[in-house]
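We name chains A, B, ... by the order of the sequence lines, and we start the count at 1 in each one.
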Number of protein chains: 2
Amino acid sequence: MERLDELDRALLRELQYDARQTNRELAAKTGVAPSTSLERVRALRERGVIRGYRAEVDLAALGREVQAMISVRIRPPSRGNIESFREWVARLPETVSVFVTSGTRDFLIHVAVPDTDGLYAFVIDRLTERREVADVETSVVYEHLRAPAVAPVRERR
Amino acid sequence: MERLDELDRALLRELQYDARQTNRELAAKTGVAPSTSLERVRALRERGVIRGYRAEVDLAALGREVQAMISVRIRPPSRGNIESFREWVARLPETVSVFVTSGTRDFLIHVAVPDTDGLYAFVIDRLTERREVADVETSVVYEHLRAPAVAPVRERR
DNA sequence: TACTCCTCCGAACAAAATTCGGCACTGATT
DNA sequence: AATCAGTGCCGAATTTTGTTCGGAGGAGTA
């Protein structure tokens, strides 16, 4: 994969910070012409460096006040079991994201639910309906910090 | 907080799927006039329901091929220790996100580093420089699936 | 009915995205 | 040293979009 130069990196920093700023702002902040930044960003998108643009939504505002990380052990941890569980869990409405991991647990599931009842129900109703789930451990998430995308680029010249 | 109606929800779905589509597309897909969708989206942003817009970047393309979840126990788990560790770890360049959790561990840190050496170095150099870190457990992340934002809205009429 | 409050609409205007011809630079070739 | 191809960037022209705002329509109230 083609390497990224300083301009690419600056554009990525800016777009992680605010993906909806105008191309003109992007160009001004990175010190190039709008047509140049447009072309670079398009290339980054086509190369797959930028995977997409997402609105970050406040889960609490959607009525999902309680978040948790649930670690799951699958037995036996065969490819078939891992893959089918992965597909299934990623599609549940409670699921925010899924990590497939090494170690004593095979999955780490980030869920957001309306309340603690919803959390309990998720664990004892949803998860246990899967035979391959051997072990579950739930931790409530008090706070979730995203790493502040690297500080935005300051204007040049 | 003011409740969300069907239009708000449809707009959120669309913006989670693609935050860079034009307001006109948004309006067409949700069956309202562009001025209406513009006003709704602005309100959602001002209310804090939409927290921001982010480009999703392929970490491997940035040379961070290895991801891990690192759970950390802080001793004693006093407010001072928790808060200072949280601020410190969230600012490290390796950190992708930080979960403050209940249970036997106090933190879960999602990191992305160039290679396994980088991971090892993060754990034995960075983390252990903090006195309050009592215990660390590392799991390599083989795969990270984001829950597919709910299926986009189909065009009305 | 008359009134107020909202929400949404659509046309007009301002601003942005997008295209594309051409210039400048680089490196290879002769 | 001169030529040439390839590449990346620029800026003006064009197309598309964002944004504003007056007014229409509907719901609720007195």
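- Between A/Ser37 and B/Asn23, the residue whose closest nucleotide on DNA chain D is further toward the 5' end is A/Ser37.
- Of the candidates C/dC9, C/dA17, D/dG11, C/dA17 carries the atom nearest the A/Thr22 side chain, counting heavy atoms from C-beta on.
- Between the side chain of A/Arg24 and the base of C/dA17, a donor-acceptor pair under 3.5 Å is found.
- The CZ atom of B/Arg42 sits 14 Å away from the C1' atom of D/dT17 (whole-angstrom rounding).
- Nearest heavy atoms, A/Ser84 versus A/Glu132: OG-OE2, 3.8 Å.
- Following rounding to the nearest Å, B/Glu39 (CD) and D/dG22 (P) show an atom-to-atom distance of 15 Å.
- Ring centroid separation for the pair B/Tyr53 and A/Tyr53 does not come in under the 6.0 Å cut-off.
- Whole-Å rounding puts the A/Glu6 CD to D/dC9 P distance at 13 Å.
- One interatomic measurement links the two molecules: CD of A/Glu25 to P of D/dT17, which rounds to 19 Å at whole-angstrom precision.
- Residue B/Gln21 contributes atom CD, which lies 18 Å from atom P of D/dT16 at whole-angstrom precision.
- Listed for the A/Thr30 side chain is no donor-acceptor partner under 3.5 Å among the backbone atoms of A/Ala10.
- Rounded to whole angstrom, the span from the CG atom of A/Leu11 across to the P atom of D/dC9 amounts to 10 Å.
- Contact between the side-chain N/O atoms of B/Ser35 and the OP1/OP2 oxygens of C/dC9 is not found at any separation under 4.0 Å.
- Regarding contacts with the backbone of D/dG8, every side-chain N or O of A/Arg40 stays at 4.0 angstrom or more from both OP1 and OP2.
- The interatomic distance linking B/Tyr53 (OH) with D/dG18 (C1') rounds to 13 Å, in whole Å.
- At whole-Å resolution of the value, CG in A/Asp5 and P in C/dT26 are 15 Å apart.
- Using a 4.0 Å cut-off between charged side-chain N and carboxylate O, A/Arg86 and B/Glu143 make a salt bridge.
- For B/His110 and A/Phe99, the ring centers are positioned less than 6.0 Å apart.
- Closest approach to the A/Leu38 side chain among C/dA17, D/dC9, D/dG18 is made by C/dA17 (side chain taken as heavy atoms from C-beta onward).
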